[in-house]
Amino acid sequence: MSGDHTHNDSQIESGSRVNDAHRHKDKHKDREHRHKDHKKDKEREKSKYSNSEHKDSLERKHRDKEKVKQKDGMDRHKEKRKEEKMRSFDGKPKKEKENGFASPPRVKSEPDNDGFYHSPKHERSLKRERDDDDSEFTPKKIKVENDKKAKKRKVEDEEDIKPKKKTKDKRGGMADGKKKSQEGAGGEVEMEERSTDGSKWRFLEHKGPVFAPPYDPLPNKVKFYLDGKPFKLSAKAEEVATFFAKMLDHEYTTKDIFRKNFFKDWRREMTSEEKGKITDLNKCDFNELSEYFKAQSEARKQMSKEEKLKIKGENERLLQEYGFCVMDNHKERIANFRIEPPGLFRGRGDHPKMGMLKRRIRPEDIIINCSKDSKHPKPPPGTRWKEVRHDNKVTWLVSWTENIQGSIKYIMLNPSSRIKGEKDWQKYETARRLKKCVGRIRAQYRDDWKSKEMRIRQRSVALYFIDKLALRAGNEKEEGETADTVGCCSLRVEHIKLSPEKDGQEFVVEFDFLGKDSIRYYNKVPVEKRVFKNLQLFMENKQPEDDLFDRLNTSILNKHLQELMDGLTAKVFRTYNASITLQQQLKELTTPEENIPAKILSYNRANRAVAILCNHQRAPPKTFEKSMQNLQTKIDAKKDQLFDAKRELKSAKADAKVRRDEKSKKAVEAKKKALQRIEEQLMKLEVQATDREENKQIALGTSKLNYLDPRISVAWCKKWGIPVEKIYNKTQREKFAWAIDMAEDDYEF
DNA sequence: TCCGCCACTTAGCACATTGTCA
DNA sequence: TGACAATGTGCTAAGTGGCGGA
């Protein structure tokens, strides 16, 4: 695997990565405040305030004004940044740099099938049994690269990887004729194409969504208190109050932004009388409501077996009725057939919209997508759909627009469906194509570090980070609409620190920023000298809040990547590096003579290496400390047992020395065995403790589900005789049915 | 060319269910 | 058998990237 980055121990086991999102959030908050204050100072202009809610108390009015002022400042600053970026794109030369670089101008699931999407290998066999007139299902080859340049590159790439065994085509393990039918001469798996016009289906029938149950008013005995006195709320206001009450134990409800947003939206649901009386959230007491819901939840837990079964049965009925659709000739499971219930918006991190009211979705908000010739879903009596359309260029069945960000929500198919399975397979095939040309791409971006053009240098350094550190692309975001998070292209100067020498290493870059879901990315990485010098150059004459890559965005980067390889985007690097890391780690960590549990531990370690690379974190489980403590108690007890066993062995040996008979010899042997067993048990417990500790803040599931080519895992299982159920649970096996079906023990990513 | 919209994938958390052990 | 831990599932927020129109 020459040319591959080895995401080796220095990165994977790097102790410098701190999983301390919470502490960091506070730090970031401080930084953000400083940042905003700075902007506020810059922008002293008065903002025009036009908020309909400003008839509220003077105090709130003032606070809101301050907020608007601040936001206005932020927007202006953002605009300034944007303008600067644009200017550089527009081609007006920037000031010449000291180094002399002037910035340049600028499956069918047959009725008897199990219902999951299997690989075409499987499907093809079914196809033969099908009617010949089912011509639209004829597998076609997708042209992977079509321009001359790409073809030439392809030849070069194939030459790059030529020194390969000729006896058996290892890639994909497709050596026999049957399997070869899936691969082209270049060793690529060809996609089965279902249409040439971009249509995703020909027939789609479903029953529409399941709506959230209507609001069930509180019993009279459960009271809301205003200023210490019981206060009867109108139904609408009461419903929104219950949303808040249900979250009362959560940290969210103590946050100023949450409370402010909630109160503002709550007031909108109040009658004018209520509006007049309820003017301060601090005077509202939701405790009785909260207790009531807790008691309800407790009662649900205490329900009899029969009652629980009844609920289960009802859920099953709903699933059977609404949880499936017919797409072409497949009965497919729908992923989320229930409409999101109303509630309070919980953004992640410091989300400016947290606490806002997520309104109830009605049939009139719903767009139904199905085929013309299908039985259309019926709206609930007395209502109508917003629209019924027949768009087979998309895969969703139902959509609506949510009121917080104005984004569209969809009901789509389950990951086990044909349509999702094919897409998933395609994703990994693209990543495998990258494997073939990654050497050339790396050579090119290294070369580009020396480019005379700033935009190319920035592009190449960003690409280096995306490749080496598996950073996300980093699309631009609208400020004030979401939490302040970044990816590679949107990194700001304040997110990195450069040290010519740190902890005995040269040219160290210290990354510290909040990524997707406001998860902290902290990493200290030694980089190549040229990268380091380039970063210094990019940071020259910039403020902390300025973009590090001011001549770059994701669209420019992806356009460039598209030229390097058909279908290549920043995201593909993450998939590629994750999968290749898993494969390498499995090779390194698996020892043939180990037993199954030890091999599984090795698998988890390989998986963990990927999760660390991709920065997949989780909050430590609430019971973590306790469960660790319990495990430690067990370990201590085992140690005591070991001590005793050693002592017993010693005395048995002494006894045997004196007696010199068979019986005492046997006793020694028995004691030895017992000691050995205890030692093994202790080791197992200690391994378990290590495993758990290492996993404390690392989420393995995300990479397993989204980044690791499942064929690698399936092949590993087959090679070492590990039951695939040990690696994938039922749902995961359904999702990866295509891979389980396809991969042999010699599959190579 | 750029921006915003749209469709889709990726993400972590909360809660439910299942497994394990005393 | 019940308590507790581990695992599985559902939910929905938050990303990525393509496309079309101004």
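Hydrogens, waters and symmetry mates are skipped; everything else that's a heavy atom, side chains included, is used. Protein chains get the first letters and strands the later ones, always in sequence-line order, with residue 1 at the start of each.
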Shortest side-chain distance from [X], nucleotide among [options]:
X: A:Lys477; options: C:dG15, C:dG17, C:dA13; result: C:dG15
X: A:Lys571; options: B:dT9, C:dG15, C:dA13; result: B:dT9
X: A:Thr569; options: C:dG17, C:dT12, B:dT9; result: C:dG17
X: A:Lys427; options: B:dC13, B:dT10, C:dG17; result: B:dT10

Calculate the interatomic distance between [X] atom [atom1] and [N] atom [atom2]; express it in whole Å.
X: A:Met412; N: C:dC11; atom1: CE; atom2: C1'; result: 15 Å
X: A:Leu561; N: C:dG18; atom1: CG; atom2: P; result: 10 Å
X: A:Asn695; N: C:dA6; atom1: CG; atom2: P; result: 11 Å
X: A:His351; N: B:dC13; atom1: NE2; atom2: P; result: 16 Å
X: A:Arg618; N: C:dA6; atom1: CZ; atom2: P; result: 10 Å
X: A:Glu481; N: B:dC3; atom1: CD; atom2: C1'; result: 15 Å
X: A:Ile408; N: B:dC8; atom1: CD1; atom2: P; result: 11 Å
X: A:Asn475; N: B:dG4; atom1: CG; atom2: P; result: 13 Å

Q: Could you tell me whether A:Lys310 atom NZ has more than 12 heavy atoms of other residues or ligands within 6.0 Å of it?
A: no
Please classify the nucleic acid contact of [X] as base, sugar-phosphate, or nothing, using heavy-atom distances under 4.0 Å.
X: A:Lys308; answer: nothing
X: A:Ala570; answer: sugar-phosphate
X: A:Gly701; answer: nothing
X: A:Thr395; answer: sugar-phosphate
X: A:Lys423; answer: sugar-phosphate
X: A:Gly474; answer: sugar-phosphate

Is the shortest side-chain N/O distance from [X] to OP1 or OP2 of [N] below 4.0 Å?
X: A:Ser399; N: B:dC6; result: no
X: A:Lys559; N: C:dG18; result: no
X: A:Lys420; N: B:dT9; result: yes
X: A:Asn336; N: C:dC11; result: no
X: A:Tyr410; N: B:dC6; result: no
X: A:His250; N: B:dC13; result: no
X: A:Gln405; N: C:dA14; result: yes
X: A:Arg472; N: B:dA11; result: yes
X: A:Ser555; N: C:dG17; result: no

Is a salt bridge present between [X] and [Y], judged by a nitrogen-to-oxygen distance below 4.0 Å?
X: A:Arg418; Y: A:Glu332; answer: no
X: A:Glu694; Y: A:Arg605; answer: yes
X: A:Glu321; Y: A:Arg317; answer: yes
X: A:Glu734; Y: A:Lys730; answer: yes

Q: Begin from the C-alpha positions of A:Val210 and A:Ile339 and carry the test side-chain contact (heavy atoms from CB on, under 4.5 Å) through to its verdict.
A: CA-CA 6 Å; A:Val210 172; A:Ile339 297 282; over 6 Å; no
Q | 5'-most by nearest nucleotide on DNA chain C - A:Lys409 or A:Tyr728 | A | A:Tyr728
Q) Of A:Arg692 and A:Pro341, whose nearest nucleotide on DNA chain C comes first from the 5' end? A) A:Arg692
**Q.** Of A:Lys312 and A:Arg346, the one whose closest DNA chain B nucleotide lies more 5'
**A.** A:Arg346
Q) With nearest nucleotides of DNA chain B determined for A:Asp391 and A:Thr702 from heavy-atom distances, which residue corresponds to the more 5′ nucleotide? A) A:Asp391
Q: Quick one: do A:Glu725 and A:Asn729 satisfy side-chain hydrogen bond (donor to acceptor under 3.5 Å, both in side chains)? Show the steps, please.
A: CA-CA 6 Å; A:Glu725 302 81 61; A:Asn729 65 35; over 6 Å; no
Q: Mark yes or no for a side-chain to base donor-acceptor pair under 3.5 Å between A:Lys516 and B:dT10, with no hydrogen or angle criteria applied.
A: yes
